[in-house]
Every structure is written in C-alpha cells, then in structure tokens.
Amino acid sequence: HSKVRYNSFRKSFYVEPAELADMAEAEVDELRLELDGIKIRGQDCPKPVQKWSQCGLPAQTLSVIRQLNYEKPTSIQAQAIPAIMSGRNVIGVAKTGSGKTIAFLLPMFRHIKDQPPLESQEGPVSLIMTPTRELAVQIFKECKPFLKALNLRAVCAYGGSPIKDQIADLKRGAEIIVCTPGRMIDLLAANSGRVTNLKRVTYIVLDEADRMFDMGFEPQVMKIISNVRPDRQTVLFSATFPRNMEALARKVLQRPVEIVVGARSVVAPEVAQIVEVRADDVKFHRLLELLGELYDKDDDARTLIFVDRQESADSLLRDLMRRGYPCMSIHGGKDQIDRDSTISDFKNGVIPVLIATSVAARGLDVKQLKLVVNYDCPNHMEDYVHRVGRTGRAGNTGTAVTFITEEQDRYAVDIAKALRQSGQKVPEPVQKLVDDFNEKVKAGKEKASGSGFGGKGLEKLDQERDLAR
Ligand code: ADP
Ligand code: MG
C-alpha cells in the first residue's frame with residue numbers, strides 16, 4: 001500500500017443536531033434503553049438519532065425513504081447511522097429483520113457521493129460482502145431505488161451464475177459491488193486484473209458476518225480486505241457476535257464502535273422480583289423470615305446473598321451461622337482455590353446458603369438456586385440484572401428479593417428501570433424513592449444518576465470483570 005498513490009477522501013459527514021447536543025448523558029442512556037436496549041462499546045460514539053432528519057442525509061436520499069414509507073429509523077439504524085456517518089468503523093449486532101441493510105447503505109451512499117466520479121477502468125468505491133447469493137440479491141434490491149435517485153450504479157456478483165455477464169456489468173462501471181467473497185476473488189483475477197480492482201475502494205461492508213465465517217469465508221474475506229487501502233472505512237453487521245469473530249473483527253476494524261441491540265439485559269420472566277424498602281437495622285430480621293419460609297417448603301433449595309463488601313460478607317456469615325444456617329462466603333479476599341471449593345460445596349448442597357460479592361459470583365450457575373437476596377442494594381442496573389439472573393436459569397423458577405434503604409434512592413432509579421424492562425410493576429415505595437430522587441435532581445441537590453444501562457455503570461462493571469479475570 002505504501003507504493004500506491006491513493007487519493008485522499010472524506011469519511012466524516014455527521015454534525016450533531018442541536019437538539020441532540022442538549023441531551024444529558026442520563027437521557028441518552030434512557031433513549032438507548034428505549035431503542036431495544038442499545039449497548040455501546042468503544043469510545044466517543046455519537047448519540048442515537050430519533051428522526052431521519054437528524055442523520056445528515058441529502059434530500060434525494062430522504063425523499064426515497066419517504067417513498068418507501070420508512071417512518072423513522074429502526075433501533076440499529078438510529079445508532080449505527082450517526083456512528084458510520086461520523087467516519088467510524090462500526091460493528092453492528094442486531095437480530096434478523098431489524099433493518100441492518102439500510103443502516104450501512106445510507107451512510108455508504110453519502111460516502112460515495114462525496115468522491116469524484118469514476119473514470120473508465122476504475123473499480124468500485126464500495127464493496128459489500130455477504131455469504132450467499134440470496135443475500136447479495138436482497139441487498140442489491142434494497143439499493144435500487146436509491147441508485148436511481150442518486151445516480152449511482154451497483155453490480156451484484158455471486159457464484160453459480162455466468163461470470164461473463166458480471167464481467168460485462170463491471171466493465172460498464174459501478175460505484176458499488178455487492179458480492180460473495182469467492183466470486184469477488186474470481187472477478188479480481190479475471191483477465192489478469194483488467195475487469196475490476198480495489199484501488200478506489202474506501203468503504204467495506206461485511207454483512208451477515210457470523211454466517212460468512214460459519215461458512216468458512218474468512219480466508220477469502222481476509223485476502224480481499226488486505227488488498228484494500230488501510231485507511232478505508234469498514235463496517236461489519238451481524239445477527240450475533242460470537243467470541244471467535246471478535247479476533248477477526250479486531251484485525252479488520254480499527255478502533256471500532258460496537259453497537260449491540262437487544263442484548264440480553266433484562267431479567268428473565270422466570271424470576272419473581274421483589275424489591276423492599278428496608279432500613280439497615282431490620283434487614284437481618286427480614287432475611288431470617290425469608291430463609292425460614294423457603295426452607296420450610298424446600299430443604300434442597302440454595303440461597304445466594306449479595307453484600308457489597310468483604311467485611312459485610314464475613315459479619316453476615318457469623319450472624320447466620322449463629323442462627324443455625326450453615327453458610328460460606330466468597331469474595332475477592334479469598335484465593336481462587338478457596339472460592340472454587342466453596343462453589344462446589346454450594347452446588348453439591350453441602351452448604352445451602354452462600355454469601356457473595358458481585359464480582360465473586362460472576363457466572364455462577366446452580367440449578368437448585370431458588371432465592372437471591374440483594375442484602376445490600378446493587379448500585380447499577382447491569383449489576384442488578386447480573387445478580388438476579390443467578391436464579392431462574394434453564395427454565396427453573398426463582399425469586400429475587402432486593403433490600404433498598406431510603407438513603408439509596410439513587411439506586412432505585414436503575415432498579416425501577418430493570419423492573420419495567422422485564423415487564424414487572426414497580427412497587428409503590430420504590431417508585432416513591434425514584435420520585436424523591438428525581439425531585440432532588442431537579443432542585444439541584446443531586447446529580448442525575450446516569451449510571452444505568454450502557455453508561456458509566458457498564459464501564460465500571462467491565463473493569464471489574466477484567467480485574468476478576
Ligand atoms: P436485517 O438485515 O437486519 O435482517 P433488513 O435490512 O433486511 O434486516 O430489513 C428488514 C426489512 O425491514 C426490510 O424489508 C426493509 O425494507 C425494512 N426496513 C428497513 N428499515 C426500515 C425502517 N426504518 N422502517 C420500516 N421498515 C424498514
Ligand atoms: Mg441483513
């Protein structure tokens with residue numbers, strides 16, 4: 001690449017509309033939550049838009065959208081379009097049918113239109129790779145109304161149909177190629193490279209990336225991409241984002257923004273969620289009641305109790321032992337071997353009650369776990385969802401009881417959110433804490449929590465996770 005003279009080009013077209021600039025961090029979190037729980041990873045991701053008019057798209061594009069009766073951007077579009085329009089490399093994960101195609105097409109058209117027209121012999125500006133012929137055809141069809149309006153040309157290239165026709169199409173010139181990776185390699189090699197080339201490619205789409213790699217296209221994709229200028233813009237869309245794809249994504253996308261829509265973030269319906277406002281000095285008594293009720297009915301049940309600090313774990317352990325409940329504790333202060341043997345005793349039923357801090361109980365999966373008690377209230381939504389999700393696994397039912405004190409009104413905001421999101425009613429005393437807190441924010445006595453889903457809370461949890469690893 002250092003020997004090729006590439007022309008400079010522009011990737012960033014997005015200007016944040018004033019109405020979005022005014023939005024507070026907490027409002028943005030709330031909006032992402034409403035947009036099917038958008039989760040972001042990576043730095044400086046723009047805020048999601050709510051209307052087509054906020055995307056910075058040209059009038060011709062907007063008018064086609066109107067003709068298609070696309071009322072407003074879907075969730076993935078709302079977040080991916082401003083990110084891609086800002087010139088970022090984007091990984092977009094959202095389920096099938098969520099409108100991913102438009103999410104990469106609209107910014108792509110803007111990107112292409114910014115560049116000088118193709119001269120004869122020049123190859124495409126944009127390369128869309130997808131695993132199957134059907135998908136290629138589908139994307140091609142979605143391009144069509146825009147091509148006319150914007151005066152652009154696309155070629156659809158896939159295996160299993162005569163390469164001659166596709167060669168003829170390409171020779172006429174096209175700004176866009178929609179292709180399967182195998183056929184693209186054939187076309188690049190055809191007529192000793194005179195049919196098409198990658199010199200002008202500045203925008204690459206990997207669509208349905210998970211299937212592409214399931215089908216073994218990784219070597220072809222890598223071969224093609226490595227022949228495209230490194231300062232290109234690359235976007236990857238997929239219905240799922242399995243771990244083994246992460247490594248590859250890191251190779252082809254620099255500093256990406258990762259957008260995940262509808263990630264499992266809500267509490268499963270199998271978990272009955274109870275939230276009680278309790279003062280610190282009555283919590284222990286209430287805990288004994290809960291344990292009494294449970295073990296009267298089911299002596300094989302397991303209980304997991306969450307506290308926020310090591311010292312609290314140890315003192316609660318002493319108090320419960322005194323009351324005749326065999327229990328153990330796990331927390332960051334114990335070594336791994338110790339923790340492992342405790343968890344195995346808990347699983348085997350040697351001890352029915354386990355006291356833990358959030359980090360230590362990460363990933364814990366115990367079938368007989370019937371009751372989770374948040375003895376100390378979790379301080380952000382992700383942590384709440386994680387803790388409560390230790391029960392109600394694999395189709396079993398479970399109960400989660402959370403104690404929250406009046407002083408913890410700040411945390412009530414996230415917990416109420418989690419309840420609403422999983423379709424449960426917010427109990428009146430909890431709602432009152434939320435209202436009280438919001439009043440304080442209005443009066444300037446408190447800062448908005450904004451620790452909810454996807455925001456600082458998530459970052460903190462990620463850091464904790466990394467530490468725990
Ligand atoms: P995915 O790639 O996520 O599986 P598609 O991009 O194929 O989903 O879109 C699914 C359907 O939704 C298509 O028929 C498309 O025309 C339609 N669609 C896309 N965006 C919108 C929108 N903003 N409003 C309404 N329909 C849309
Ligand atoms: Mg698709």
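Just follow the structure's listing: the first ligand is 1, and inside any ligand the first atom is 1.
The one candidate from Gln115, Lys113, Arg153 that meets the side chain to side chain donor-acceptor pair (under 3.5 Å) condition with Glu175 is Arg153. Of the options Thr357, Leu304, Leu354, Asp340, a side-chain contact (heavy atoms from CB on, under 4.5 Å) to Ile330 is made by Leu354 and by none of the others.
Residue Asp22 places its CG atom among more than 12 non-hydrogen atoms of other residues, nucleotides or ligands, all under 6.0 Å distant.
An N or O contact shorter than 3.5 Å is missing between Glu208 and ligand 1 by distance. Between Pro73 and ligand 1, no N or O atom pair is found at a separation short of 3.5 Å.
Heavy-atom separations between Ala94 and ligand 1 are all 4.0 Å or longer. Residue Lys95 places a heavy atom under 4.0 Å from ligand 1.
Of all protein heavy atoms, the one closest to atom 7 (O) of ligand 1 is Thr101 OG1, 3.6 Å. Among protein heavy atoms, the minimum distance from atom 1 (P) of ligand 1 is reached at Gly97 N, 3.4 Å. Looking only at protein heavy atoms, the nearest one to atom 27 (C) of ligand 1 is Tyr70 CE2, 3.5 Å. In this structure, atom 8 (O) of ligand 1 lies nearest to the protein heavy atom Gly99 N, 3.1 Å.
Classified by interplanar angle (parallel below 30°, tilted 30° to 60°, perpendicular above 60°), the ring pair Phe104/Phe237 is tilted.
Atoms of ligand 1 found under 4.0 Å from any heavy atom of Thr74 (numbered from 1 in listed order, with element): 21 (C), 22 (C), 23 (N). Atom numbering of ligand 1 starts at 1 in the shown order; those under 4.0 Å from a heavy atom of Glu142 are 6 (O), 7 (O), 15 (C), 16 (O). Per-residue contacts place Ser98 under 4.0 angstrom from the following atoms of ligand 1 (heavy atoms of the residue considered): 1 (P), 3 (O), 8 (O). Close approach to Thr96 involves these atoms of ligand 1, each under 4.0 Å from a residue heavy atom: 4 (O).
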- Query: Are Arg229 and Thr202 close enough, and set up right, to give a side chain to side chain donor-acceptor pair (under 3.5 Å), and what steps lead you there?
  - Reply: CA-CA 7 Å; Arg229 58 193 287 177; Thr202 52; over 6 Å; no
- Message: side chain to side chain contact (heavy atoms under 4.5 Å, CB included) for Met108 and Ile128? Distances and angles first, verdict last.
- Response: CA-CA 10 Å; Met108 178 189 83; Ile128 304 173; 3.8 Å; yes
- Item | Residue pair Gln273, Thr399: steps toward the side chain to side chain contact (heavy atoms under 4.5 Å, CB included) verdict | CA-CA 6 Å; Gln273 301 172 67; Thr399 303; over 6 Å; no
- Task: Any chance you could lay out the side chain to side chain contact (heavy atoms under 4.5 Å, CB included) test for Phe241 and Glu246, step after step, and finish with the verdict?
- Result: CA-CA 7 Å; Phe241 193 54; Glu246 258 184 69; 3.3 Å; yes
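Under the 4.0 Å distance rule, the nearest protein heavy atom to atom 14 (O) of ligand 1 falls outside the cut-off. Counting protein heavy atoms under 4.0 angstrom from atom 25 (C) of ligand 1 gives one or more. Distance check on atom 5 (P) of ligand 1: some protein heavy atom falls below the 4.0 Å cut-off.
With Gln77, Gln138, Lys100 as candidates, the residue nearest to atom 3 (O) of ligand 1 on a non-hydrogen basis is Lys100.
At least one side-chain heavy atom of Met129 sits under 4.5 Å from a side-chain heavy atom of Ile225.
Using a 4.0 Å cut-off between heavy atoms, Trp52 contacts ligand 1 through its side chain alone, with no backbone atom that close. Proximity of Lys72 to ligand 1, defined as any heavy-atom pair under 4.0 Å, is confined to the backbone N, CA, C and O atoms.
With respect to the salt-bridge test (charged N to carboxylate O, under 4.0 angstrom), the residues Arg387 and Asp383 qualify.
Residues Gln54 and Glu19 have side chains that bring a donor and an acceptor to within less than 3.5 angstrom of each other.
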